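So the structure is just underneath, and the comments pick up after that.
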Amino acid sequence: VQLQASGGGLVQPGGSLRLSCRVSGLTLDYYAIAWFRQAPGKEREGVSCFSFSDRTTDYTESVRGRFTISGDNVKNTVYLQMDSLKPEDAAVYYCAADYLPLGTSGCKLWYDEYDYWGQGTQVTVSS
């Protein structure tokens, strides 16, 4: 199983970035993919998740309305479109996969739910 995160970089406040998480080795119909972030000295925080089972999404309150998560079954990839970026969004962003038992609805933003993790991609928001 591999989760490969990419798309991070340096952007000015108010700018945009799109992160990608390409997944291999999993049948995504049975998984949720989430993005987490961790800034220096802070705990890992759930940012957004996407359930391939029922196509539902969830967002932490601080990014709701600015970030959009989406999933592509054909490309086995989850995207996180980040708009109106703020300095407080700067962190290392990780993607992770959570197995969803049959009948599970929605997805969670609790990191201990997630079974597989990718490497991080750095997002820096600075003028």
Side-chain angles (χ1 to χ4, degrees):
V1 177
Q2 262 195 323
L3 288 82
Q4 188 167 3
S6 62
L10 171 64
V11 64
Q12 292 186 344
S16 297
L17 283 174
R18 188 177 81 156
L19 305 184
S20 299
C21 177
R22 180 169 171 78
V23 183
S24 57
L26 296 176
T27 303
L28 285 181
D29 289 349
Y30 305 112
Y31 283 85
I33 304 295
W35 287 96
F36 293 82
R37 65 187 179 187
Q38 189 165 21
K42 295 189 176 181
E43 292 188 357
R44 191 166 294 193
E45 173 190 25
V47 176
S48 183
C49 61
F50 178 91
S51 166
F52 278 92
S53 175
D54 60 9
R55 317 289 297 182
T56 56
T57 61
D58 197 10
Y59 299 89
T60 192
E61 196 57 39
S62 63
V63 309
R64 198 179 298 273
R66 300 188 297 121
F67 291 10
T68 304
I69 194 168
S70 60
D72 185 328
N73 289 75
V74 174
K75 295 182 179 180
N76 276 13
T77 300
V78 170
Y79 303 98
L80 185 68
Q81 177 66 39
M82 305 188 297
D83 298 320
S84 303
L85 281 160
K86 303 176 181 180
E88 52 263 42
D89 295 317
V92 178
Y93 282 70
Y94 301 88
C95 58
D98 176 29
Y99 173 72
L100 301 175
L102 189 65
T104 303
S105 62
C107 57
K108 298 179 178 66
L109 292 175
W110 307 333
Y111 68 84
D112 57 359
E113 289 282 325
Y114 286 76
D115 308 300
Y116 304 101
W117 290 81
Q119 89 293 357
T121 185
Q122 177 73 50
V123 172
T124 303
V125 184
S126 175
S127 54

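Side chains are part of it too, since the values below use all heavy atoms of this structure and drop only hydrogens, waters and symmetry mates. These numbers come from a predicted model, not from an experiment.
- Under the 4.5 Å side-chain heavy-atom criterion for ILVMFWY residues, no single connected hydrophobic cluster contains both Phe36 and Trp110.
- Between Pro13 and Ser126 the shortest heavy-atom distance is CD-C, 3.6 Å.
- In this structure, CG on Asp72 lies 9.5 Å from CZ on Arg22, to the nearest 0.5 angstrom.
- In this structure, the ring of Phe50 has its center less than 6.0 angstrom from the ring center of Phe52.
- One hydrophobic cluster, built from ILVMFWY side chains closer than 4.5 Å, cannot hold both Leu100 and Leu28; they sit in different ones.
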Given side chain to side chain contact (heavy atoms under 4.5 Å, CB included), test Val47 with Leu109 step by step and report yes or no. CA-CA 7 Å; Val47 176; Leu109 292 175; 6.0 Å; no
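- Both Ile33 and Leu19 are part of a single hydrophobic cluster, where members link through side-chain heavy atoms under 4.5 Å apart.
- To the nearest 0.5 Å, the span separating OG on Ser16 from CD on Gln81 amounts to 5.5 Å.
- Within the 3.5 Å criterion, the main-chain N or O of Gly8 finds a donor-acceptor partner in the side chain of Thr121.
- Listed for the Thr77 side chain is a donor-acceptor partner under 3.5 Å among the backbone atoms of Lys75.
- Pairing each heavy atom of Gln122 with each of Ala91, the nearest pair is NE2-O, 3.5 Å.
- A pairwise comparison of heavy atoms in Cys21 and Trp35 identifies CB-CZ2, 3.5 Å as the closest pair.
- Judged by distance alone, the side chain of Thr27 and the main-chain N or O of Asp29 form no donor-acceptor pair under 3.5 Å.
- Using a distance-only test at 3.5 Å, with no hydrogens or angles considered, a donor-acceptor pair links the side chain of Arg55 to the main chain of Gly71.
- Tyr116 places no side-chain N or O within 3.5 Å of a backbone atom of Tyr99 that could act as its donor or acceptor partner.
- Residues Val123 and Phe67 share a single hydrophobic cluster, defined by chaining ILVMFWY side chains whose heavy atoms lie under 4.5 Å apart.
- Considering all non-hydrogen atoms of both residues, Tyr114 and Cys107 come closest at OH-CB, 4.5 Å.
- No more than 12 heavy-atom neighbours from other residues, nucleotides or ligands sit within 6.0 angstrom of CD on Glu43.
- Heavy-atom contacts from other residues, nucleotides or ligands closer than 6.0 Å to CD of Gln4 number 12 or fewer.
- With hydrogens and angles ignored, the 3.5 Å screen pairs a side-chain donor or acceptor of Arg66 with a backbone N or O of Ser84.
- Scanning both residues, Ser48 and Leu80, for their nearest heavy atoms gives CB-CD1, 4.0 Å.
- Counting only N and O atoms by type, the side chains of Ser105 and Asp54 include no donor and acceptor under 3.5 Å apart.
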Candidate pair Glu45 and Thr60, rule side chain to side chain contact (heavy atoms under 4.5 Å, CB included), full reasoning: CA-CA 9 Å; Glu45 173 190 25; Thr60 192; 3.8 Å; yes
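- A single hydrophobic cluster is not seen to contain both Leu3 and Tyr94; linkage of ILVMFWY side chains at heavy-atom distances under 4.5 Å, directly or through other members, places them apart.
- Between the Tyr59 side chain and the Ile69 main chain, a donor and an acceptor come within less than 3.5 Å of each other.
- Looking only at distances, a side-chain donor or acceptor of Gln119 sits under 3.5 Å from a matching main-chain atom of Ala5.
- For the atom pair OG of Ser51 and CG of Asp98, the computed distance is 9.0 Å after rounding to the nearest 0.5 Å.
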Mind running side chain to side chain contact (heavy atoms under 4.5 Å, CB included) on Val63 and Lys86 for me, showing each step along the way? CA-CA 10 Å; Val63 309; Lys86 303 176 181 180; over 6 Å; no
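- Cation-pi contact between Arg18 and Tyr79: present, with separation from the ring centre below 6.0 Å and deviation from the ring axis of at most 45°.
- Nearest heavy atom pair, residue Val11 against residue Leu85, reads CG1-CD1, 3.5 Å.
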